[in-house]
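Below is one structure, written out as structure tokens; comments come after it.
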Protein chains: 2
Amino acid sequence: MKEKILDAAEKMVQDRGLNAVSFQDLANAVELRKASIFHHFPNKEALARALIERCGSKHRPEYAAVVDSNASAPEKLRGLAGIFEKGLRNQRPCLLAALGSGVNTLSEVAVQELGEMARGAVSRFALVFQQGRDEGTLQFSGEPIDAATGFFAMLQGLQVLVRASGDTSAFSSAANAYVDSISLA
Amino acid sequence: MKEKILDAAEKMVQDRGLNAVSFQDLANAVELRKASIFHHFPNKEALARALIERCGSKHRPEYAAVVDSNASAPEKLRGLAGIFEKGLRNQRPCLLAALGSGVNTLSEVAVQELGEMARGAVSRFALVFQQGRDEGTLQFSGEPIDAATGFFAMLQGLQVLVRASGDTSAFSSAANAYVDSISLA
DNA sequence: GCCTGTCAACCGATCGGTCGGTAGGATGGT
DNA sequence: ACCATCCTACCGACCGATCGGTTGACAGGC
């Protein structure tokens, strides 16, 4: 049941943002009474933190599968972009993009956990950039971590940009163009 | 007074997201009574649309000043990034990043206006990429519009990423690293 | 006399959250 | 086998606060 609530909450948060999701909404979605939701999550912050943690542990293996594969660095970058694109197609952008704008309505602890999740993702991305530099398939300036931050941010930004502009195809166009730009033949 | 309300609203929306800003908050901030706010904006959607429009007309000249200058393309890209960085330093990210996550709580008209604003910005950015290709200072694959979309999305994403991760310096590091990567010596 | 801006008072709805209590399944002592 | 106990999950009813929004009245300047 707890998982079912989190599923519904995740979908709604990705759709409308955290504080446009009420316990009543949740209760309706999972066919429980509102009071019962509080049995599983004592308050909204606990719900948010559970959401963040679950999001992290759900996507970490997805990233790992791409990063730890034996593909070339450019292929891995495309794979990472694909993860985000897949979520976007199902109207389910990354939680970071969904929670990011309301970051000052979250508790400090929650923000910190969100930040850790983001930093973890970026550091995984950085491994790919390092690999690309080592094997000579990627050409970029500065530290791998900075390139990874930029790439990760681009994927995040594309998610909100695409939803705002309505042009779904822009995601893969822009992401692929970027990867091409820094790939070496 | 209308402007004063919009100023306060803008700051609060950038800080916490639209639907965490109440008319009461606004009234307190501008030292009016709640009912008086409704004299200037009949409802919340009107407020949001006014915010979007003002944001567009405020930033358009800022973009134009950079795009229409006679600097080189890489310098212009740095200038554009600087606009966003300046906003970020004042805890005032772009409205697109602030409204983007709750896009499904806005009316269709508002979303459309937001989309137009975004497309307008991207198309201005694209001029710079075109210039860079023409003058041989920028090296990237695909159409200028795709590169511009990616760059703009990166700036948007960096804003939320920086606020979530707490590492303010990451913005310019990542943005500059990107520009360096696609610049030709 | 009218228009603009302001306000107090109020509205129904909904918000996050609490409370007391119930149904049912395990547990364990006798 | 029996019953008392405990625990998890759930629920109806309710709380104070706040939400977006409305109404009618009162100033002051044109």
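We name chains A, B, ... by the order of the sequence lines, and we start the count at 1 in each one.
As rounded to whole Å, 14 Å separates atom C1' of D:dC11 from atom CE of A:Met1. Rounded to a whole Å, the NZ atom of B:Lys2 is 8 Å from the P atom of C:dG5. To the nearest angstrom, C1' of C:dC15 lies 15 Å from CD1 of A:Ile37. The CG atom of A:Leu32 sits 17 Å away from the P atom of D:dT8 (whole-angstrom rounding). In this entry the distance linking NZ of B:Lys4 with C1' of C:dG5 reads 13 Å, nearest Å.
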Under-3.5 Å N/O pairs linking protein and nucleotides 16-18 of chain C:
unit_1	atom_1	unit_2	atom_2	d
C:dG16	OP1	A:Val21	O	3.4
C:dG16	OP1	A:Lys44	NZ	2.5
C:dG16	OP2	A:Phe23	N	3.1
C:dG16	N7	A:Lys34	NZ	3.2
C:dG16	O6	A:Lys34	NZ	3.2
C:dG17	OP2	A:Lys44	N	2.9
C:dG17	N7	A:Lys34	NZ	3.4
C:dG17	O6	A:Lys34	NZ	2.6

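Side-chain N/O atoms of B:Arg33 include one lying less than 4.0 angstrom from OP1 or OP2 on C:dA8. Using a 4.0 Å cut-off, no side-chain N or O of A:His39 falls inside it from OP1 or OP2 of D:dC10. Distances shorter than 4.0 Å separate some side-chain N or O of A:His40 from OP1 or OP2 on D:dC10.
Residues B:Phe125 and B:Tyr63 bring their aromatic ring centres within 6.0 Å. Between B:Tyr178 and A:Tyr178, the ring centre distance stays below 6.0 Å.
When the shell of 6.0 Å around CD of A:Gln112 is examined, it contains 12 or fewer heavy atoms from other residues, nucleotides or ligands.
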Using residues 77-85 of chain B as the side-chain source, report each donor-acceptor pair under 3.5 Å to any protein atom, sequence neighbours left out, with the distance given to one decimal.
unit_1	atom_1	unit_2	atom_2	d
B:Arg78	NH1	B:Asp180	OD1	3.3
B:Arg78	NH2	B:Asp180	OD1	3.1

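Across all their heavy atoms, A:Ile145 and A:Thr149 have their closest contact at O-OG1, 2.7 Å.
Under 4.0 Å is where a charged nitrogen must lie from a carboxylate oxygen, and between B:Lys58 and B:Glu10 at least one such pair does.
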